[in-house]
Structure formats: structure tokens, C-alpha cells
Q: 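Dumping the structure here so I can ask a few things about it.
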There are 4 protein chains.
Amino acid sequence: MAIRSEQSRLAILQATIRLLDEREHGSMSVQQLSIERIAREAGVSKATIYRWWSSKAALIIDTFLENHITSTTIKEDLPAIEALKEHAISLAQVYSGHEGALMAQLIAESQYDEATLADFKKSFFLPRREMINAVIRRAMEEGAIRDDLDINQVAEHIYSPIYFRLLFKEGSLDRDATGLSFDITMQGLKPS
Amino acid sequence: MAIRSEQSRLAILQATIRLLDEREHGSMSVQQLSIERIAREAGVSKATIYRWWSSKAALIIDTFLENHITSTTIKEDLPAIEALKEHAISLAQVYSGHEGALMAQLIAESQYDEATLADFKKSFFLPRREMINAVIRRAMEEGAIRDDLDINQVAEHIYSPIYFRLLFKEGSLDRDATGLSFDITMQGLKPS
Amino acid sequence: MAIRSEQSRLAILQATIRLLDEREHGSMSVQQLSIERIAREAGVSKATIYRWWSSKAALIIDTFLENHITSTTIKEDLPAIEALKEHAISLAQVYSGHEGALMAQLIAESQYDEATLADFKKSFFLPRREMINAVIRRAMEEGAIRDDLDINQVAEHIYSPIYFRLLFKEGSLDRDATGLSFDITMQGLKPS
Amino acid sequence: MAIRSEQSRLAILQATIRLLDEREHGSMSVQQLSIERIAREAGVSKATIYRWWSSKAALIIDTFLENHITSTTIKEDLPAIEALKEHAISLAQVYSGHEGALMAQLIAESQYDEATLADFKKSFFLPRREMINAVIRRAMEEGAIRDDLDINQVAEHIYSPIYFRLLFKEGSLDRDATGLSFDITMQGLKPS
DNA sequence: CGATAAACGAGACGGTACGTCTGGTCTTGTG
DNA sequence: CACAAGACCAGACGTACCGTCTCGTTTATCG
């Protein structure tokens with residue numbers, strides 16, 4: 001039989017994170033990063049990587065998951081609106097650094113491959129959305145958000161300005177700007 | 001002396017648009033597209049391409065400009081809010097087709113190169129934003145939009161849901177969905 | 001592991017010999033011959049050639065070795081002087097054809113690269129010189145050649161007129177001319 | 001009208017000699033030297049070079065001629081044999097330095113182009129041979145060399161060991177070695 | 001003296017090749 | 001039988017030259 005080598009798996013993931021690391025020699029972009037290089041760096045055969053990951057993007061997504069990257073908690077004890085606001089602000093702050101660049105590059109890669117986009121959404125979006133949707137639902141119950149809207153569309157309105165700024169490097173991702181943006185959005189979402 | 005050959009310039013731009021074209025043999029993505037291939041297809045030396053364009057992305061941007069891609073007009077005779085809405089809807093519709101995919105790929109490329117992002121914004125964003133900003137300003141004067149906000153931020157709120165849907169292929173870009181989304185945003189932007 | 005492909009090796013050597021062949025389409029010179037072309041002709045990746053040969057010249061030398069080019073036997077049963085003469089004459093005759101041109105081009109290439117010269121001498125010169133030196137030694141013992149000279153210098157005097165004519169295409173390389181030249185040289189080498 | 005520009009001609013020749021110069025940045029070989037580079041270095045259009053020289057080799061030959069390279073005088077007041085010996089020795093000494101390398105490279109280039117070989121012989125060989133032939137004739141008259149031989153063949157025997165050593169970098173080109181070699185050759189050429 | 005014709009610099013152009021890199025696949029031998 | 005090691009074909013990378021070809025711009029002769 002010969003089971004999958006955990007040692008190789010880890011070596012590959014660690015080589016990947018090391019090559020993407022901001023403090024290293026130049027910190028490669030996702031585009032510059034090559035399977036070839038990762039294999040060399042990890043002391044692993046290229047075939048082993050291809051055996052277990054379908055694409056460079058899939059490997060990078062796994063690397064992110066393994067390294068608990070870009071997780072933001074939601075404070076359950078606050079009023080729903082404020083919990084959402086805190087979440088938005090902390091997400092924006094995470095995105096203003098190196099992890100934001102990586103996230104932007106993953107979104108970029110997703111434009112070239114359906115499967116990558118699907119994988120990306122499954123791994124990052126849906127889990128987070130489930131959490132956030134619960135809070136949105138709570139806000140609807142609290143009467144702070146219109147309850148005649150699709151929940152996903154509400155989430156979209158909350159997130160989209162943050163991703164816009166991330167991808168276009170336009171406007172700030174700091175606390176104040178994100179808070180103001182959130183308030184405007186909420187003004188549009190509250191019941192009339 | 002030795003003037004640039006218009007013939008070569010056109011051959012290059014046309015070969016590029018042809019290779020990116022949706023109806024052709026597979027319709028290459030921006031990533032798959034190579035300078036090598038464009039040169040071969042255009043019957044042109046690679047050096048000629050490198051002489052005039054600093055990167056593949058720069059060439060593609062020029063190709064877009066040359067082909068009047070993704071231009072949407074603004075109806076000046078409507079009330080400002082309705083002009084904005086029409087603009088948003090027609091932009092979303094353009095983005096729901098092949099041109100949307102190309103636009104998404106250009107945004108993707110911009111994540112890997114500062115210069116590309118700058119070029120991209122200069123060529124597509126700023127011109128459009130100038131137009132839209134005038135309408136936003138008119139809406140402020142008409143009292144339909146809060147006049148205490150930065151105009152760019154207002155534009156951001158109008159655009160960001162569209163780009164979110166474009167990039168994440170989540171939610172629809174059709175007339176109804178875009179209209180609803182726009183209405184929500186406007187609700188947040190109108191004076192209290 | 002991953003052993004060298006004998007199939008590729010042969011394809012490369014055969015493509016090389018084919019391209020250099022006198023009967024083919026123009027018969028390329030060593031200078032005109034390109035790694036690119038050989039790879040294309042052999043149906044082989046350029047990298048495979050670069051992996052195993054350090055330069056075009058090294059590849060051509062191997063091609064020669066593989067094809068038993070320019071080997072001339074020495075008749076052991078003749079008196080030493082006559083064996084040497086026969087050898088000189090047959091070498092000159094070989095050099096008067098296509099193989100002479102290739103040899104001249106290899107000498108030419110050697111002027112531009114130390115390693116090529118060394119490789120060339122190791123592969124062609126030294127083996128032949130060992131054979132010839134034995135005969136020269138026999139001639140010295142037979143009293144036909146001065147035995148106070150360095151053997152290499154004796155060999156040099158025998159060979160140099162042939163290479164002179166080869167490289168300068170001056171004078172003939174036929175049996176009579178080479179024989180006469182050899183006799184003159186021998187007159188200078190015999191004991192006084 | 002419009003006569004050839006002496007200024008350009010000189011700039012080209014000087015750029016060439018400078019690029020080939022041993023003291024400069026790496027001292028390019030004839031092979032590495034490119035028309036492109038010479039033109040750039042000379043501040044001259046490529047076309048101007050192509051207008052006046054048929055090949056790189058032709059240009060280099062002209063450069064040599066212009067710079068009185070590798071000229072060796074013959075002492076008329078010595079006995080013919082000694083004049084020849086002095087000539088051979090001083091030629092070998094010239095060839096043991098940078099000029100020898102250039103000469104070797106010109107011989108190399110000549111292997112790839114008939115016209116270059118012809119030009120090379122016409123510019124360097126024949127003039128020198130006329131001088132040397134006169135001395136050989138004198139040696140014949142003095143009874144020091146067999147007078148039943150073709151003069152060119154005599155010259156060949158005198159020169160060939162020197163070129164052999166130059167091209168194969170085998171054996172020395174110093175005074176003693178060249179002198180010994182010359183003596184051996186002369187022993188073969190003197191009347192019996 | 002002014003027309004004109006060649007020579008010139010500048011450099012764009014289509015090509016060809018360079019040597020390196022990566023993508024994926026396949027093979028061989030080890031643990 | 002998963003793995004490392006790495007060979008293999010394919011093909012793109014960006015650069016360097018090739019030799020040809022406009023371009024204006026001198027520059028000298030000739031009408």
C-alpha cells in the first residue's frame with residue numbers, strides 16, 4: 001500500500017510558506033512561485049506535488065489553511081451591527097498587510113481557473129460566510145437590517161468595498177475608512 | 001529617425017485581440033497568451049513587441065483601448081441618480097460577457113505588477129471616474145446624495161458590488177440584481 | 001536514478017551528422033549549425049542537449065567519435081619510415097575531402113575556447129599520437145631517425161605540413177605532394 | 001558625389017582595434033565581436049560598415065593592415081639561411097602573444113568563408129611570401145637549399161611548424177624551440 | 001549658388017538563435 | 001507502492017545580432 005508521506009506533505013507546505021514569506025529573499029509572488037522551485041526547496045520530487053495537488057493555486061490554498069491565515073473572529077457578545085463592524089474592520093486590517101497581498105493574488109489566480117475559484121471560495125468564503133450570515137440573521141431579528149433581502153446580498157454589500165480597496169489599492173483599509181464605509185453600507189441596509 | 005511601423009503595430013494589436021477572442025480556437029486567457037505566440041501570429045519579430053510594450057499586460061491594455069472595449073455612456077438628460085443607475089446596470093451587463101472575463105484577468109494581472117495596475121487604472125478607471133464624478137456631483141447638488149462625502153468614496157460604493165460579483169462570479173450581473181444592489185447602495189448614500 | 005536516454009543521445013548525434021553531411025541540403029558548416037536546429041531535427045528538447053554537452057563543439061567531437069571519422073591505420077609490418085609515410089599519405093587523403101573540412105572547422109572552433117581545444121586534442125590527437133609515437137620510436141631504434149630529439153617534435157614535423165595545407169588550402173594533399181613533403185621532412189630528421 | 005567619410009572609416013577601425021585589444025574589458029574574440037557592437041562603439045550606422053566591408057573578417061583584416069600588425073622584417077645583410085632563421089624566430093615570437101591569438105582567429109574565420117581566406121592570404125601571406133621567396137632564392141643560389149624544389153613548398157616547410165604550434169598551442173614558440181625546429185627543417189632542405 | 005545625389009546616424013524591422021526556466025509526464029531504483 | 005531523483009519534450013522567456021530597410025540630415029560636386 002504505502003500510505004501518503006506526512007513528512008513530504010509538511011516539507012512541501014513549509015517550503016511554500018517559506019517562499020511566499022515576506023521576510024525572505026524578495027518574497028516571491030504567487031505567479032513567480034513555481035512547482036519546480038517548491039520541489040527543489042522541499043527536497044521533494046515534482047511528481048509528489050502533482051500527485052496530491054491539482055494546481056499551484058490548490059497547493060497555496062492548502063498552505064493557507066495549514067497556517068491559519070486570515071482568520072478573523074466575530075464577537076458574539078456585541079449587538080449584531082457592532083459585531084459586523086468589528087469584523088469588517090479587523091478583516092480590512094489583516095488585508096492591509098502581506099496577507100492581503102496573498103489574498104489578492106489568490107483572487108487573481110482564480111480568474112484563470114474555475115476549479116481554483118471554487119476551491120478558494122469553499123475554503124475561505126463559505127466558512128466565513130456561515131459565521132457572518134448568522135450574525136446578519138441576528139441583526140435582521142434585532143431589526144437593524146432589512147429582513148426582505150437575501151442574506152448573501154447583504155454580506156456582499158458589507159464585503160465588497162473592502163475587496164475593492166484591496167484589489168485596486170485605492171482608498172485606505174485602515175480602521176476609520178473601513179468604519180465609515182461600513183456605516184454608509186448599513187445606512188442602506190437598515191429597514192426603512 | 002526610423003519611424004515606428006503602423007503596420008506592425010496594428011498586426012500586433014489585431015493578433016492579440018484575435019487570440020483573446022471568444023470565438024476562436026479555445027480563446028486563450030491572458031495568462032496563456034504569450035508574446036511568442038502573438039509575434040508568430042502577427043508575423044512580427046518578438047523584439048518589435050518588446051520595443052514598444054513593457055509587458056504583456058501593457059500590450060493587452062493597449063489592445064483594449066484600440067478596440068473601444070468596455071465603454072459605457074452616461075445619459076446626461078436623466079436625473080443624476082437615474083443616470084448613475086443606468087450606467088451601473090449597463091456596465092454590469094458588459095461585464096457579464098467575454099469582456100468581463102478579460103477585465104477580470106486584467107485586474108488579476110494588476111495584482112502582480114505595480115506598473116500594470118497603474119496603467120490599468122490610468123487607462124480605464126480614471127477616464128470613467130471623471131465622467132461618473134461629474135454625475136455624482138450633480139446628484140449632490142440635486143440633494144439626492146449626501147454632500148459631506150468624498151466623491152471617490154461614493155463612486156467606490158457604487159462600483160464595488162459590481163466588481164465583487166465579477167471577480168467572485170457570485171450573484172448575478174443582470175439588470176434586476178444590479179438595479180437592486182444599486183438601490184440599496186443609494187439608500188445608504190442619500191442625505192439623512 | 002532516471003537514467004540517460006540512449007534513444008535521445010542517438011537522435012542527437014544522428015541529427016548532427018546529418019546536418020553536417022556533405023550530401024544534404026547545403027551541408028551546414030560548424031558555424032552555421034545551431035543547437036536549436038539540431039534539437040528540432042532530432043525531435044529533442046534543447047535542454048537535453050545542454051544537459052549532456054557543454055558546447056556545440058563538444059557535441060560535434062562526440063559525433064565524430066561515434067562515427068569513426070578520420071581514423072587511419074598504421075601498417076606494422078612495414079619498415080618504420082615507410083609505415084609513417086603511408087600513414088601521412090592516407091591522412092592527407094582523408095583530409096582532402098569533406099572530413100578534412102570538418103576537421104579544419106573543429107580546429108577553428110578550438111581557437112575560441114580552451115576547453116574545446118583540450119577536448120579536441122584529447123579525443124583526436126593524443127590517441128593517434130600514441131600510435132605514431134610508437135612507430136617513431138621504432139624508426140629511431142632502426143636508426144632511421146635521430147634519437148636525440150623529442151618524439152613530439154618529430155611528430156610535429158611530420159604532421160605540420162599536412163595541417164598547413166589543410167588550413168590554408170595551399171598546395172595539394174594528394175599522394176605525390178604529401179610523399180615528397182614527407183621525404184623532405186625525413187631528410188631533416190635522419191641521423192647525420 | 002558625396003565621398004566616403006574618412007572620419008567614419010577611422011572611427012570604425014579604431015573601435016574594432018579597441019574592442020579586440022588585450023588590455024580592454026575582457027578583450028573580445030573575433031567570434032564575440034559583432035558588427036552591432038562596433039557600430040555602437042564607433043558612433044556609426046551599421047549600414048556604413050556593411051557598405052564598405054563585406055564581412056566581419058574583412059573588416060578585421062583591414063584593421064590589422066591599418067595597424068601594421070604582425071610585420072617582421074628580414075635582414076638582407078645576413079647569409080640567406082641566417083636571415084630566414086631570424087625571420088622565423090621573430091615571427092614565432094610575435095605569434096606567442098596577443099597578435100598570435102588574433103592571427104589564429106583569422107585563420108579560424110577563414111575556414112568558414114572562401115573569400116575571407118583569399119583576402120587573408122592576399123593581405124598577409126603573399127606580401128610576406130614575396131619577401132621570403134627572394135631570400136629562399138638567394139639561399140638556393142648560395143647552395144644552402146636544394147634548387148630542385150618549388151619555392152612555395154620550401155616556404156611551407158619553414159612556416160608550417162610555427163603555425164602548427166600557434167593553432168594547437170602545443171610546443172613552444174620561443175627562440176630556442178623555433179630555432180631547433182628551423183634547423184631540422186633546413187637539414188631536410190639542403191642539397192644532398 | 002543652388003540643385004542633387006550620395007553618404008551618413010539613427011534605428012525599426014523580420015528573423016534566428018541563444019541559454020535558462022517551468023510545466024507536466026515518465027522511468028528507475030530505494031525503503 | 002509511495003517516494004527522490006531527475007531525464008525528458010515542449011515551449012516561453014527576454015536579449016543579442018543579423019543584414020535590410022526607411023528616414024531625415026549633412027556634404028560635396030556639378031550645372
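Order of the sequence lines fixes the chain letters, A, B, ..., with proteins taken first and strands second; residue numbering starts at 1 for each chain. This is a predicted model, so every value here is computed, not measured.
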Q: Between dA10(E) atom P and Glu41(D) atom CD, what is the distance in whole Å?
A: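 One finds 13 Å between P of dA10(E) and CD of Glu41(D), rounded.
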
Q: For Glu6(D), give me all partners under side-chain hydrogen bond (donor to acceptor under 3.5 Å, both in side chains), at least two apart in sequence or on another chain.
A: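 Arg9(D).
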
Q: Round to the nearest Å and state the distance from Glu36(C) atom CD to dA17(E) atom P.
A: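 After rounding, the gap between these two atoms is 6 Å.
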
Q: Applying the side-chain contact (heavy atoms from CB on, under 4.5 Å) criterion to Gln14(B), which one of Thr16(B), Ile12(B), Leu10(B) satisfies it?
A: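 Of Thr16(B), Ile12(B), Leu10(B), side-chain contact (heavy atoms from CB on, under 4.5 Å) with Gln14(B) is met by Leu10(B) alone.
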
Q: What does the inter-axis angle of the helix from dC1(E)-dG31(F) to dG31(E)-dC1(F) come out as, five pairs per end, nearest 10 degrees?
A: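 Answer for the end axes of this duplex: 0°.
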
Q: Measure from CE on Met28(C) to C1' on dT16(E) and round the result to the nearest Å.
A: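 Rounded to whole Å, this separation is 11 Å.
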
Q: Return the value, rounded to whole Å, for the distance between atom CG of Leu59(A) and atom P of dG24(E).
A: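 Distance check: Leu59(A) CG to dG24(E) P gives 13 Å.
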
Q: Looking at residues at least two apart in the chain, or sitting in another chain, which of them share a side chain to side chain contact (heavy atoms under 4.5 Å, CB included) with Ala11(C)?
A: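 If we apply the side chain to side chain contact (heavy atoms under 4.5 Å, CB included) test to Ala11(C), skipping adjacent residues, the hits are Ala42(C).
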
Q: Tell me every residue that passes ring-ring contact (aromatic ring centres under 6.0 Å, His included) with Phe168(C), counting only those two or more places apart in sequence or in another chain.
A: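 Testing Phe168(C) for ring-ring contact (aromatic ring centres under 6.0 Å, His included), a comparison that skips the adjacent residues, returns Phe164(C), Phe125(D), Tyr163(D).
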
Q: Please list, in numerical order, the residues of residues 44-56 of chain C that have a heavy atom closer than 4.0 Å to any atom of DNA chain F.
A: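 Result for residues 44-56 of chain C: Val44(C), Ser45(C), Thr48(C), Arg51(C), Trp52(C), sorted by number.
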
Q: Please give, in whole Å, the distance from dG24(E) P to Gln32(B) CD?
A: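 Spelled out: CD on Gln32(B) to P on dG24(E) is 11 Å.
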
Q: Which whole-number value in Å describes the distance from Arg4(D) CZ to dT29(F) P?
A: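 After rounding, the reported distance stands at 16 Å.
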
Q: Considering just the side-chain nitrogens and oxygens of Arg37(A), establish if one lies under 4.0 Å of OP1 or OP2 belonging to dC21(E).
A: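 Checking Arg37(A) against dC21(E): no side-chain N or O falls below 4.0 Å of OP1 or OP2.
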
Q: What integer distance in Å separates Asp113(C):CG from dG19(E):P?
A: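 Between P of dG19(E) and CG of Asp113(C): 11 Å.
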
Q: List in chain and number order the residues that pass side chain to side chain contact (heavy atoms under 4.5 Å, CB included) with Ser55(C), two or more places apart in sequence or in another chain; answer none if no residue qualifies.
A: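 Only Ala57(C), Ala58(C), Thr116(C) meet the side chain to side chain contact (heavy atoms under 4.5 Å, CB included) criterion with Ser55(C).
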
Q: Just jot down the side-chain hydrogen bond (donor to acceptor under 3.5 Å, both in side chains) partners of Gln111(D), sequence neighbours excluded, or say none.
A: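 Partners of Gln111(D) by the side-chain hydrogen bond (donor to acceptor under 3.5 Å, both in side chains) criterion come out as none, since no residue qualifies.
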
Q: Would you give the length of the straight line joining atom CG of Asn67(D) to atom CD1 of Ile17(D), rounded to the nearest 0.5 angstrom?
A: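 One finds 4.0 Å between CG of Asn67(D) and CD1 of Ile17(D).
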
Q: Does any pair with a residue in residues 46-60 of chain D pass salt bridge (charged side-chain N to carboxylate O under 4.0 Å, His left out), and if so which ones, sequence neighbours excluded?
A: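 Sorted result for residues 46-60 of chain D: Glu36(D)-Lys46(D).
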
Q: Please enumerate all residues that pass side chain to side chain contact (heavy atoms under 4.5 Å, CB included) together with Gln32(D), with sequence neighbours excluded.
A: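 If we apply the side chain to side chain contact (heavy atoms under 4.5 Å, CB included) test to Gln32(D), skipping adjacent residues, the hits are Met28(D), Ser29(D).
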
Q: Which pairs count as salt bridge (charged side-chain N to carboxylate O under 4.0 Å, His left out) when at least one residue sits in residues 113-123 of chain D, sequence neighbours excluded?
A: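 Salt bridge (charged side-chain N to carboxylate O under 4.0 Å, His left out) check on residues 113-123 of chain D returns Glu170(C)-Lys121(D).
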
Q: Whole Å only: how far is the CG atom of Leu33(D) from the P atom of dA16(F)?
A: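 My rounded result for the distance is 16 Å.
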
Q: Which residues pass the side-chain hydrogen bond (donor to acceptor under 3.5 Å, both in side chains) test with Ser5(B), sequence neighbours left out?
A: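 Testing Ser5(B) for side-chain hydrogen bond (donor to acceptor under 3.5 Å, both in side chains), a comparison that skips the adjacent residues, returns Ser8(B).
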
Q: Check whether any side-chain N or O of Arg40(B) sits under 4.0 Å from OP1 or OP2 of dA12(F), and answer yes or no.
A: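 Yes, within the criterion.
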
Q: Pull out every residue in residues 5-16 of chain B that has a heavy atom closer than 4.0 Å to any atom of DNA chain E, ordered by number, or say none.
A: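 Listed by number, they are Ser5(B), Ser8(B).
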
